[in-house]
Amino acid sequence: CSSDLPSNLLVIADAFARNGQYADAAGVVLGAVEKNPNDGEAWLSLANNLVGHAEGALTPAAEYAYGRAMQADPDQPGPAFFLGLALAGNGKLTEGRTLWADLLARAPKDAEWVEDLKGRLQEIGQLEETAEK
């Protein structure tokens with residue numbers, strides 16, 4: 001069925017990414033976002049693969065893809081979580097913490113990922129304190 005095409009592309013991209021072939025994964029996922037520009041999951045996959053291909057660097061293209069993922073599905077926690085992770089990994093601790101704090105503030109209280117996010121917020125706060133010294 002052609003409506004399953006974008007999700008099939010995500011499965012293929014995931015296989016490439018698991019083998020460290022982020023450029024190939026991003027190329028495959030680009031096909032998914034071209035077929036459905038409102039597919040937040042595909043935009044998130046594209047962003048993560050671009051960061052992986054850039055060896056952790058948060059490129060403008062990856063930032064754009066995270067933004068499109070958040071736009072496509074504002075209630076999904078993944079885009080804000082992974083963008084926060086990329087920001088923190090690129091030394092933008094305060095920006096990452098702010099993004100995660102906002103995500104936590106709007107999270108359903110019973111979401112399974114809330115406790116993990118609270119722990120990561122605490123860690124990023126400690127990193128900020130260490131960086132300020």
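Quick note: numbers below take in every heavy atom, side chains included, and nothing from hydrogens, waters or symmetry partners.
Applying the salt bridge (Lys or Arg N to Asp or Glu O under 4.0 Å) test to every pair with at least one member in residues 14-32, sequence neighbours left out, gives these pairs: Asp14-Arg18. For residues 46-69, no residue pair satisfies the salt bridge (Lys or Arg N to Asp or Glu O under 4.0 Å) rule, not counting sequence neighbours. The salt bridge (Lys or Arg N to Asp or Glu O under 4.0 Å) pairs that include a residue from residues 75-96 number zero, where partners must be two or more places apart or lie in different chains. Pairs engaging residues 103-113 under the salt bridge (Lys or Arg N to Asp or Glu O under 4.0 Å) rule: Asp102-Arg106 [sequence neighbours left out].
Remark: Asp39 CG to Glu34 CD distance equals 12.5 Å, nearest 0.5 Å. Note that NE2 of His53 and CG of Leu46 are 11.5 Å apart. Values are rounded to the nearest 0.5 Å.
Remark: the backbone N or O of Glu41 is not paired with any side-chain donor or acceptor of Ser45 at under 3.5 angstrom. The main-chain N or O of Asn38 is found under 3.5 Å from a side-chain atom of Asn36 such that the two form a donor-acceptor pair.
The cluster map of Ile, Leu, Val, Met, Phe, Trp and Tyr, joined by side-chain heavy atoms under 4.5 Å apart, puts Leu99 and Trp113 in the same cluster. Hydrophobic clustering, with ILVMFWY side chains joined whenever heavy atoms are under 4.5 angstrom apart, groups Trp100 together with Met70. No continuous path of ILVMFWY side-chain contacts below 4.5 Å connects Val51 to Val33, so the two sit in separate hydrophobic clusters.
The side-chain heavy atoms of Phe16 and Val29, taken from C-beta on, include no pair separated by under 4.5 Å. When side chains are defined from C-beta on, Tyr66 counts as touching Asn48, because their heavy atoms get closer than 4.5 Å.
Between Leu121 and Ile124, the shortest heavy-atom distance links the atoms O-CG2, 3.2 Å. Here the shortest heavy-atom pairing between Ala17 and Asn49 reads CB-OD1, 3.3 Å. What you find for Ala131 and Leu93 is that their closest heavy atoms are CB-CD1, 4.4 Å. Summarising the geometry of Lys118 relative to Leu104, their closest heavy-atom pair is CG-CD2, 3.8 Å, with the distance given to 0.1 Å. Across Ala69 and Gly40, no two heavy atoms sit closer than the pair CB-O, 3.6 Å. Across every non-hydrogen atom of Ala65 and Ala47, the tightest pair is CB-CB, 3.6 Å.
For the side chain to side chain donor-acceptor pair (under 3.5 Å) test, no residue two or more places apart in sequence or in another chain qualifies with Thr59.
Arg120 has no carboxylate O lying under 4.0 Å from a charged side-chain N of Glu123, or vice versa, which leaves the two without a salt bridge.
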Which atom pairs, one a donor and one an acceptor, fall under 3.5 Å between side chains of residues 79-91 and the rest of the protein, sequence neighbours left out?
unit_1: Asn90; atom_1: OD1; unit_2: Leu58; atom_2: N; d: 3.4
unit_1: Asn90; atom_1: ND2; unit_2: Gly56; atom_2: O; d: 2.9
unit_1: Asn90; atom_1: ND2; unit_2: Ala86; atom_2: O; d: 2.7

